[in-house]
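Data first, discussion second: the structure below is written as structure tokens.
Naming convention: chains lettered A, B, ... in sequence-line order (proteins, then strands); numbering from 1 in each chain.
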Protein chains: 2
Amino acid sequence: MSRIRIKDIAQLANVSAGTVDRVIHGRSGVSDATRKRIENILEEYDYQPDILAGTLASGKSYRMLVCMPEVVYAHEFWKFPEEGVRRALDEIAHFDVSVEYLRFDQHNKRDFCHKTDGLQIGDYDGVLFAPVFRDESVKFIARCHTVGVPCILFNSRVEGVEFDGFIGQDAWQSAYLGGKLMDYGLSAGRDLLILNLSLRTDNYQHITKREHGFRAYFEEHSDRVDHLVSLNLSGGDYAVIADALDRKMGELNVAGIFVTNSRVHLAARYLAEHGTMNIRLIGYDLMKESIGYLRREYIDFLISQSPEEQAYLGLRHLFTGVVLKKEYPHEVLMPIDILTKENIDHYLNFNHPNEQPE
Amino acid sequence: MSRIRIKDIAQLANVSAGTVDRVIHGRSGVSDATRKRIENILEEYDYQPDILAGTLASGKSYRMLVCMPEVVYAHEFWKFPEEGVRRALDEIAHFDVSVEYLRFDQHNKRDFCHKTDGLQIGDYDGVLFAPVFRDESVKFIARCHTVGVPCILFNSRVEGVEFDGFIGQDAWQSAYLGGKLMDYGLSAGRDLLILNLSLRTDNYQHITKREHGFRAYFEEHSDRVDHLVSLNLSGGDYAVIADALDRKMGELNVAGIFVTNSRVHLAARYLAEHGTMNIRLIGYDLMKESIGYLRREYIDFLISQSPEEQAYLGLRHLFTGVVLKKEYPHEVLMPIDILTKENIDHYLNFNHPNEQPE
DNA sequence: TATACTTTCGTGTGCGCACACGATCATTAT
DNA sequence: ATAATGATCGTGTGCGCACACGAAAGTATA
């Protein structure tokens, strides 16, 4: 009563196993008549190949490429996906799957081009890609397509080109939630600050969508706030940010600050240095510095997009498609995780069990 | 440069593959001298068996038992773990792993005893168990132990007996977080209600820990609240609950209600029927009714313990231990998920992609 | 010494599949 | 007519391992 094998199919069709094998793999050398007959039987008995025996016999090995920004101190963020890749690899390593990284400087277009231009994409069986530069990413994804290598995107999407899968977060909705958390329990009629602290215009779409989402909340609850002011500071320097904040805090009656990316810890530092705990602060991601301020309640909420989980899923999807040759979801939107002082530890323990809390 | 095989080890040790095989499996029939020699070589070359070839050759199949309360309308909660089991099974089915369910009436001790007493636990290779009745569960777990079948618990823990793994949530901390969410932005000096709506004393420990956690928050922030009143209602009837609430609402100046389990939708119904939206309501789990009230903002926050993910991990851990014969974490505490009207949809989509939102 | 028994080990087979090779037969060219 | 060609299909081998069987050598018993 076990699963049906190639041998069984062959017997049912009065042919040899080799012929069935040819049909299954779409190889030539089978007459149309027998091919149809075998296909029908395969269908009828719902033949499912034994993947274990298959990979064992084929001896094939799979190389996946993970292409994403390099981990540098200022962008610790990119160490998280590695954890997810590691976890996925742990689960699928039996199938002779290996991963190679291609890391690029996310502030240097030319670095990305230089590193990808010479790349033999055809050497790989799948690509997991975190796009940063719009046009260059489009070109890269198109190149994957021409050589027939599936390319799954994570973290951010790229418009204008077909991709084989996407795993990310609904940026607009995450910030709309940020609006709710900012508003929750706040007395009406005060001012809020939206702080865009991009180092460059990378992930620009993300940032914009977040600002829109946050504003959308307060457009739907227009009575809740007097002024909703954006402050865009593209420089990285804390002093600049502090200066700008000084000025705004003087002009407005600020009740809360929403930082549209992971650099929320800079705003937290400002609040900490000025000893102001009664200004709400909400931002993104689990930078080490941010976690410290969250624990000391200078940051009220951090919104996480689970970068580990994104990369984990990305690699799993590649595996599903390439090795198992099965369908996988074309688009996955991650849950929008809300983190506070009270649940951050369990979150970190769960997602990074190997790291020691400080 | 491929991985080292049994054959290679055999050659290195000047023995046949059969002998190496005996050493690896700890079978008898090898002299102490050669055994030592082979063990050293295995160690030195860090031999890792090819699981695929192993399971293919052994032809073994694995039967897992999932023992948990049956899904009835009033406890829709228990349909979630099934989703996680299904997902895990999808991933490991290649290894000839199958799952059987043993579902019991969680309000009927005798039903549990009756169904487990005749059970041949030895027929299974692993057990995933959601304990409800304390003493009976201890007995059941002990029985697994005597026949050498690993037993992993999820959802709630059982004291007084050794188990092979646990996956659950920190009940105390989840309610401490509930306290924070209740308190957040609330003006000081009002009253809060803790509502225990257990149908029975099942999961009693859970409930108690949650009450303690919630109270602990306000003991640490004692200036934030005047009265913190518990209301225990073990009956299931809405009318009874409404009556009791009517009385309490008269006595106190209630600003918020914390329901210690999934029956928070009953309190939400009360608020909805009385048209009171300015009372905060926080509870647990993703009952369909509760989600409706969350969407209409009668419930402010739901705390989720990811029952799917718990069961998913449980089965994966069993697989890791039984099939891969590797270590797995003895205890996993789930992240404490915060759900609001604004992020519930993405959460549901991610965890239950097959269900249609209403 | 001959026999029975035990310890120690090598050999062989098969798991289900992928793939190379060769066999068979009909068809076409010479 | 034979030879050559191509289409169609069967057979065999091996992937790395688990496990049964039996061989060889040593040990005990009569």
Sequence-aligned protein contact record of nucleotides 10-20 of chain C, with B where the base is within under 4.0 Å of a protein heavy atom and S where only the sugar-phosphate is: BB--BBBBBB-
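OP1 and OP2 of D/dT8 both lie 4.0 Å or more from every side-chain N or O belonging to A/Thr34.
One distance of note links CD of A/Gln310 with CD of A/Glu308; it measures 9.0 Å at 0.5 Å rounding.
When only modelled atom types and interatomic distance are considered, B/Ser31 and B/Thr34 share a side-chain donor-acceptor pair under 3.5 Å.
The nearest pair of heavy atoms linking B/Val85 to B/Leu315 is O-CD2, 3.7 Å. In this structure, B/Tyr124 and B/Val149 approach most closely via the heavy-atom pair O-CG2, 3.5 Å.
A/His114 NE2: 12 or fewer foreign heavy atoms inside a 6.0 Å radius.
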